[in-house]
Amino acid sequence: MTDTTSTYSGPELVFSGVQPTGNLHLGNYLGALVKFVRLQETHNCVFSVVDLHAMTIPQEPGALKANTRQIAAAFLAAGVDPDKAVIFAQSAVPAHVELCWYFNCVARMGWLERMTQFKEKAGKDKERASVGLFDYPVLQAADILAYKATHVPVGEDQKQHLELSRDIADRFNREYDVPDFFPQPEPLIQGPGARIMSLKDGTKKMSKSDPSDLSRINLTDDADTMARKIKKAKTDPEPLPDTVDGLKGRPEAENLVGIYAALANCTSEDVINQFGGQGFGAFKPALAEVVVEGLSPVTKSFNEWLADPTAIDAVLAAGAEKASAIAQPVMEEVRDIIGLWKKG
Ligand code: AMP
Ligand code: TRP
């Protein structure tokens, strides 16, 4: 939609958020967490457990709080380091909600009506969907822009929401005649983990909402369960092809090769060079080993963090202060730009 070439010259900052709704799976790990860990070495990073977004679907209060700690534990277990990156709960920093309101007055109904995630989640009866669910992408834009974030690591499913964030930033900058006040946040999507598919259907994304637990590998699965799920993963009867091109039209094979590549930190070509011509009977045990080896240390650390909620809360409390310190000055500027009252 947006066709401006931004000349924003502020510092680069990475922001991303993960919802505290249910168990994290291999798709979240490869599509999001692994990227966070890499980015913290090169960029200022702010990573949020977006509990306000989770509210757009009814949540049991006790479970919401427990799930928020659980996602923070997953960040830490994956290797996000609170000394290098900011880790916090979205609801602990009021700037998100405040900026969301300002953006509500800038965003257009038509833009939100086009969002495929809303259409999917609202289902047939849109009239009964909450206003919060409709407004979800505006809150996401506020998350990103309250920090003037320039880069946003996400899975491919978030591309449309990122485009909307760019449109909102652009519209705000034009409406208030403050060119380049907000940056145009760039999605960071590429990489072998960008789209991990279901183990039961290679055309569907691996998802926490899939009714079949066999469709995904959870960060809470033990090694035997992970290996069993790989063994039971759907495949076609052909052996693996000799070239990456040969994976086209074979979604299950392509997905399993992609998972291997992402976890072994190599390319699909490398995997095909090693396993091309072999059947799944040979490939699956090798894949199971790579999955178990790659995830076991994460699972172990995850369980250790979960056993110490006080330590998680300490990380989240310190993170909230750091996040506020970045967002507050931006919000002061925004209020001034809009012309909101301030004691003279
Ligand atoms: P969610 O659990 O939907 O809040 O997603 C958290 C993060 O994981 C987001 O950056 C998603 O884009 C990413 N993600 C979710 N499912 C997948 C998947 N199957 N493959 C790759 N990334 C994913
Ligand atoms: N909508 C994202 C998801 O479902 C989560 C999210 C909320 C997010 N706010 C964000 C991601 C800001 C990146 C940046 O995965």
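Every heavy atom of this structure was used, including side-chain atoms; hydrogens, water molecules and symmetry mates were not. Since this is a predicted model, take the numbers as computed values, not measurements. In listed order, ligands and their atoms are each counted from 1. Numbers here simply count residues along the sequence, with the first being 1.
Defined by atom type and a distance below 3.5 Å, a donor-acceptor pair is present between the side-chain atoms of Thr203 and Asp201. Between the side chains of Gln140 and Tyr136, not a single donor N or O lies within less than 3.5 Å of an accepting N or O. Looking only at atom types and distance, the side chain of Thr116 has a donor-acceptor partner in the side chain of Gln160 under 3.5 Å away.
A centroid separation of less than 6.0 Å is found between the aromatic rings of Phe283 and Tyr260. Between Tyr147 and His96, the ring centre distance stays below 6.0 Å.
Using a cutoff of 4.0 Å between basic side-chain nitrogens and carboxylate oxygens, Arg335 and Glu98 are scored as salt-bridged.
Ranked by closest heavy atom to atom 9 (N) of ligand 2, the top entry among Leu139, Asp143, Val14, Asn28 is Asp143. Heavy-atom proximity to atom 15 (C) of ligand 1, evaluated over Val152, Asn28, Asp210, is greatest for Asn28.
Using a 4.0 Å cut-off between heavy atoms, His25 contacts ligand 1 through its side chain alone, with no backbone atom that close. With a 4.0 Å cut-off on non-hydrogen atoms, Met206 touches ligand 1 through its backbone as well as its side chain. Using a 4.0 Å cut-off between heavy atoms, Glu156 makes no contact with ligand 1 at all. The residue Gln90 has no part lying near ligand 2, judged by heavy-atom distances below 4.0 Å. Residue contacts with ligand 2 for Val18 are absent, since no atom lies close enough (heavy atoms, distance under 4.0 Å).
Which parts of ligand 2 touch Gln158 is read off a 4.0 Å heavy-atom cut-off, strictly below it: atoms 1 (N), 2 (C), 3 (C), 4 (O), 15 (O). The atoms of ligand 2 that sit less than 4.0 Å from any heavy atom of Phe15 are 12 (C), 14 (C). Taking a cut-off of under 4.0 Å to the non-hydrogen atoms of Ser16, the atoms of ligand 2 that pass are 13 (C), 14 (C). Here is the list of ligand 2 atoms found below 4.0 Å of a heavy atom in Val50: 7 (C), 9 (N). Ligand 2 places these atoms under 4.0 Å from at least one heavy atom of Gln19: 4 (O). Those atoms of ligand 2 that come under 4.0 Å of a heavy atom in Val154, given as number and element, are 11 (C), 13 (C). Those atoms of ligand 2 that come under 4.0 Å of a heavy atom in Val152, given as number and element, are 13 (C), 14 (C).
Under the 30°/60° scheme for interplanar angles, the aromatic rings of Phe172 and Phe103 are found to stand perpendicular. Classification of the Phe47-Phe36 ring pair by plane angle, with boundaries at 30° and 60°, yields parallel.
Distances between N or O atoms of Val154 and those of ligand 1 include no value under 3.5 Å.
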Q.
Using side chain to side chain donor-acceptor pair (under 3.5 Å), reason through Asn218 and Asp213 one step at a time and then give a plain yes or no.
A. CA-CA 9 Å; Asn218 302 306; Asp213 195 54; 3.0 Å; yes
